[in-house]
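This report refers to the structure that appears directly beneath it.
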Number of protein chains: 2
Amino acid sequence: MANIKDIAKQAGVSISTVSYALNGSPKVTDETSARILAIAKELHYIPNAAARNLKKQETKIIGVFLTDFSGSFYGHLLQGMKEGVNQSGYDLVVCSGKQSHQLLPQRMIDGAIVLDETFSSEELLRYADLGHKLVVMDRDLNHPNINQVLLDNKAGATLAVEHLIELGHRKLYVVTGPKGSFDSRQRLQAVKQVIDRHPDLQYIEIEGDFNKSSGALAGIQIAQGYSEPAAVFCLNDEMAIGMYDYLITTDIRIGEDIHIIGFDNIEVTQYTQPRLASIDYSKQKWGLLASEQLLKLIAGNDVEHEHIYVTLVKGKSMGAV
Amino acid sequence: MANIKDIAKQAGVSISTVSYALNGSPKVTDETSARILAIAKELHYIPNAAARNLKKQETKIIGVFLTDFSGSFYGHLLQGMKEGVNQSGYDLVVCSGKQSHQLLPQRMIDGAIVLDETFSSEELLRYADLGHKLVVMDRDLNHPNINQVLLDNKAGATLAVEHLIELGHRKLYVVTGPKGSFDSRQRLQAVKQVIDRHPDLQYIEIEGDFNKSSGALAGIQIAQGYSEPAAVFCLNDEMAIGMYDYLITTDIRIGEDIHIIGFDNIEVTQYTQPRLASIDYSKQKWGLLASEQLLKLIAGNDVEHEHIYVTLVKGKSMGAV
DNA sequence: TTGTAAGCGTTATCAA
DNA sequence: TTGATAACGCTTACAA
C-alpha cells in the first residue's frame with residue numbers, strides 16, 4: 001500500500017509537494033506535478049480514507065437508516081437519494097439495525113437520513129444536540145440540526161376517503177398500520193376528520209400492522225360479517241394486496257361487493273385484478289428531496305421542512321355503490 | 001466533541017491511562033478506571049472512528065455491493081449477511097453504483113461482498129492483488145484473497161429439466177437471462193447437458209433479461225406459435241411471473257397448455273395461481289455463508305469455495321403432459 | 001499502576 | 001515553487 005511518503009521518496013520531493021500535486025493545487029509546477037502524478041499512478045496510490053477523514057473531519061459519506069432491508073418499496077427511494085448525494089460528491093451507504101447507529105456519532109458518516117423506527121426520537125435529538133445533521137422521514141421532530149421530509153399523509157387519506165364517499169359508499173372499514181407508525185397515525189387522524197363531517201357514515205376500524213398477512217386477516221373479518229357492499233381503506237397497499245389474496249379465494253368480488261383502496265401505489269398494484277385504487281407519490285422524489293435537504297443542512301444552510309405531495313389513483317377495485 | 005485528551009484533563013491522568021481504561025485494560029486500577037469512565041459518560045465521549053481506523057488499520061465494517069437497490073429479492077440475503085457480520089462485531093453497509101467502489105481501496109471497509117455486475121472481474125482482481133478481501137456471489141474468480149459463494153445453478157437447472165421430462169414433456173422452451181449473467185450462463189449450460197442426453201426433446205431457446213417484461217415477451221412468442229402442450233423453463237421466477245401476467249390474458253391455461261417452471265422461488269410464487277414450480281434455496285443462508293467466508297478470509301484463514309444447494313419445488317404450473 | 005512518546009497517513013500553515 | 005512541521009484522535013510499546 002503506497003502512501004504519499006513513498007511517492008515523495010520516488011519523486012525526490014517532500015510529502016507536502018506530493019499532497020499539493022495530488023490535490024491539483026496550482027502552487028506546484030506543471031512539470032513536477034505531472035511527474036508526481038505519474039509515479040502515483042505507477043505505485044497504484046490510493047489515498048487512505050481514515051487519514052483524510054481524521055484531518056478533514058468529514059467523510060463525504062451519507063448514511064441511510066432503514067428498519068429492515070426487505071420491501072421492494074425502498075428501491076426507488078434509495079435510487080433518488082443516491083442521485084442526490086452523488087451529484088455533490090458524496091457516497092450513500094444503507095444501514096440497518098441498532099449496531100449501525102453508532103456510525104453517526106463516531107463520525108463515520110457526515111449525516112443521516114432516517115426512516116427507521118428502531119431509532120428513538122430521544123436518540124436522534126441527542127445526536128442533533130451533538131451537532132450531527134439529520135433528515136427524518138418517519139416522524140415529526142424539531143431541532144435546528146434536523147430537517148423533516150414527510151409525506152402529506154393527511155392529504156392522501158383525505159383524498160381516499162372523500163373519493164369513496166363520492167362514489168356513494170356509506171359503510172367504511174379502515175385497516176390501520178402498527179400503533180408506532182407515524183404514517184399510520186397521521187392517515188388515521190385525517191380519516192377521522194373526514195368522517196366527523198359525515199355523520200351518516202358507518203365506520204369500523206380494524207387493527208393491522210402494514211404487512212400483507214394483517215390485510216388478509218382483516219379480509220377474513222370483513223368477509224365473515226359481510227351483509228352489504230362496503231368500502232375498505234387499507235392504510236397501505238401491502239395490506240390491500242393481502243386482502244386481495246384472501247378475498248380471491250371467496251365468492252366476494254372486489255370492486256363490486258367489497259371496494260378497496262390502498263396507500264403508496266406500490267408497483268404490484270399495476271398487476272392486481274381489478275386494479276387497486278391507491279394514493280400515489282414519487283418515491284424517487286421523496287428520496288431525492290431528503291438527500292438534498294441533508295446536504296443543505298451539512299453545508300450550514302437554513303432549511304424549511306418539506307412535504308411530498310400525493311395524488312389519487314383511481315382503480316376498478318373501488319367502484320360506485 | 002469530547003476526546004480522550006479532554007477526559008484526561010478532567011481526570012487528572014494521562015491520555016494513555018484514559019485509553020486503557022476505555023478499552024477495559026486490566027492494567028489500570030478499578031478506582032481510576034471507574035472515575036475515567038464516569039467522566040467519559042458525563043462528557044458524552046464517543047471515540048472518533050477515523051482516528052481509531054487510522055491507528056488500527058481496520059474499520060470493522062463490511063460492504064455489500066449490489067447492482068441496484070430494487071428487488072425484494074435482496075431482503076433475506078442481506079438479513080443473512082447482517083447476522084453473520086454482527087455476530088463478530090462488524091457492521092454491514094450496503095452500497096450501489098460505481099462511485100462507491102472506491103470505499104474498498106480507500107480502506108473505508110475491511111472487505112466486500114460482491115453481487116454486482118458493474119464490478120469488472122479485472123477490477124476485483126486488482127483489489128485482491130492489493131490485499132483486499134472479497135467474496136463474490138456472481139462470478140467464478142480465483143485468487144487467494146477472493147472466496148466464491150455460488151448457487152448450485154447446474155444442479156438446479158438439471159432438476160428443473162429432469163422434472164419436466166419425467167412429467168412427459170417433449171417440447172421445451174428455455175427463456176434465458178442476460179448474456180452477461182453468470183447464473184444464466186451456468187443454468188443454460190446445465191440445460192444443454194440434459195437435453196444432449198435426450199435427443200427426442202424439442203428445444204427452443206428464447207432470449208430474456210431476467211426482468212418481468214422479457215418473460216411477458218417470451219409468453220407472446222410462445223402463445224403465437226402454440227400448437228401443442230409445451231414446457232417452459234424460465235431461468236428465473238421474475239420472468240416466469242411476467243409470462244403469467246401475459247398468459248392470463250389469453251385462452252392458454254398455465255399448467256395444462258403451457259407448463260412453466262422458474263428459478264429462485266421468490267416470495268410471490270406462493271401467491272401465483274396455479275403455484276409456480278421453481279428451484280428453491282435459502283437466500284438467508286446464502287448471505288450468511290458469504291459473510292462468514294469473508295470474515296474467515298479477513299481473519300487470515302484459508303477457505304474453500306462454497307456452494308448453496310438447491311431443491312425442486314413442485315407446483316401446479318408444471319403438470320404432466 | 002501510570003506516564004511518555006512514537007506513529008498511523010493525510011492536510012495545511014508557515015518559512016525558506 | 002517547494003519543504004519542514006504541527007496537527008487530527010487514537011493505540012500501544014516502553015519507561016518510570
Side-chain angles (χ1 to χ4, degrees), chain A residues 1-37 39-40 43-61 89 102-110 130-131, chain B residues 1-37 39-40 43-61 89 102-110 130-131:
Chain A
M1 289 280 79
N3 57 24
I4 52 172
K5 220 167 170 178
D6 298 323
I7 301 177
K9 209 179 301 174
Q10 278 262 341
V13 296
S14 76
I15 59 165
S16 47
T17 306
V18 173
S19 179
Y20 286 133
L22 255 23
N23 290 301
S25 161
K27 310 174 76 176
V28 55
T29 333
D30 285 355
E31 190 198 3
T32 38
S33 181
R35 191 159 45 93
I36 290 170
L37 258 31
I39 293 173
L43 297 183
H44 301 292
Y45 169 76
I46 304 219
N48 177 302
R52 172 176 285 169
N53 296 343
L54 179 58
K55 183 66 191 176
K56 304 199 63 159
Q57 305 282 40
E58 64 172 17
T59 63
K60 289 280 177 186
I61 296 179
Q102 51 173 342
L103 294 176
L104 184 65
Q106 294 197 344
R107 325 215 106 200
M108 201 83 183
I109 55 180
D110 290 348
L130 288 171
Chain B
M1 289 279 81
N3 57 23
I4 50 172
K5 219 166 167 178
D6 299 324
I7 300 178
K9 209 179 300 172
Q10 278 261 341
V13 297
S14 76
I15 58 166
S16 52
T17 306
V18 174
S19 178
Y20 286 132
L22 254 23
N23 290 302
S25 162
K27 312 172 72 176
V28 55
T29 333
D30 284 356
E31 189 199 5
T32 40
S33 182
R35 192 159 45 94
I36 289 171
L37 258 32
I39 293 173
L43 298 183
H44 301 292
Y45 170 76
I46 304 219
N48 178 303
R52 170 176 285 168
N53 297 343
L54 179 57
K55 182 67 192 178
K56 305 198 64 159
Q57 303 283 37
E58 65 173 15
T59 62
K60 289 281 180 183
I61 297 179
Q102 51 173 340
L103 294 176
L104 185 63
Q106 294 196 344
R107 325 218 99 191
M108 201 84 182
I109 56 181
D110 290 349
L130 289 171

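Because the structure is predicted, anything quoted here is derived from the model rather than measured. In what follows, chains carry the letters A, B, and so on, assigned in the order in which the sequence lines appear, proteins first and then strands, with residues in each chain numbered from 1.
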Taking the side chain as C-beta and beyond, is there a heavy-atom pair between B/Tyr45 and B/Leu22 under 4.5 Å? yes
pair A/Gln57-A/Lys55: side-chain heavy atoms closer than 4.5 Å: no
In whole angstroms, how far is the C1' atom of C/dC8 from the CZ atom of A/Arg52? 16 Å
Base, sugar-phosphate alone, or nothing: which one does B/Thr29 contact when heavy atoms must sit under 4.0 Å apart? sugar-phosphate
CE (A/Met108) and CZ (B/Arg52) are apart, to the nearest 0.5 Å, by 11.0 Å
If I take atom CG in residue A/Leu54 and atom C1' in nucleotide C/dG7, what distance separates them, rounded to the nearest angstrom? 12 Å
How many whole angstroms separate atom CG of B/Asn48 from atom C1' of C/dT10? 14 Å
Working to the nearest 0.5 Å, report the span between NZ of A/Lys9 and CG of A/Leu43. 11.0 Å
Any side-chain heavy-atom pair from A/Met1 and A/His44 closer than 4.5 angstrom? no
For B/Asn53 and C/dT10, what is the distance between atoms CG and P respectively, to the nearest whole Å? 14 Å
Mapping A/Pro26 and B/Ala2 onto DNA chain D by nearest heavy atom, which one lands closer to the 5' end? A/Pro26
Over how many whole Å does the gap from A/Lys9 atom NZ to C/dG9 atom P extend? 12 Å
Rounding to an integer number of Å, can you tell me how far A/Ile4 CD1 sits from C/dT11 C1'? 8 Å
Quick one: does A/Asp30's side chain have a donor or acceptor within less than 3.5 Å of a partner on A/Ser33's backbone? no
Boundaries of the chain A footprint along DNA chain D (any atom under 4.0 Å from a heavy atom): D/dT1 to D/dG9
Side-chain N or O of B/Gln57 closer than 4.0 Å to phosphate OP1/OP2 of C/dG9: yes
Within the structure, does a side-chain N or O atom of B/Thr17 lie under 4.0 Å from either OP1 or OP2 of C/dT2? no
Okay, side chain of A/Arg107, backbone of B/Ala49: is any donor-acceptor separation there less than 3.5 Å? no
Closer than 4.0 Å, any side-chain N/O of A/Asn23 to the OP1 or OP2 of C/dT11? yes
B/Asn53-B/Thr59 side chain donor-acceptor pair, cut-off 3.5 Å: no
Under 3.5 Å, is there a donor-acceptor pair linking the side chains of B/Ser16 and B/Ser19? no
Please work out if A/Ile46 contacts a base, only the sugar-phosphate, or nothing of the nucleic acid, heavy-atom cut-off 4.0 Å. sugar-phosphate
Upstream residue (5' side of DNA chain C) when B/Arg35 and B/Ala51 are each assigned their closest nucleotide: B/Arg35
CD1 on A/Ile4 to CD1 on A/Ile15, rounded to 0.5 Å: 4.5 Å
Going by modelled atom types, is there a donor-acceptor pair between the base of C/dG7 and the side chain of B/Lys55 at under 3.5 Å? yes
Just the rounded figure in Å: distance from P of C/dC8 to CD of B/Glu58. 17 Å
Enumerate all atom pairs, one protein N or O and one N or O from nucleotides 13-16 of chain C, separated by less than 3.5 Å.
unit_1: C/dT13; atom_1: O4; unit_2: A/Tyr20; atom_2: OH; d: 3.0

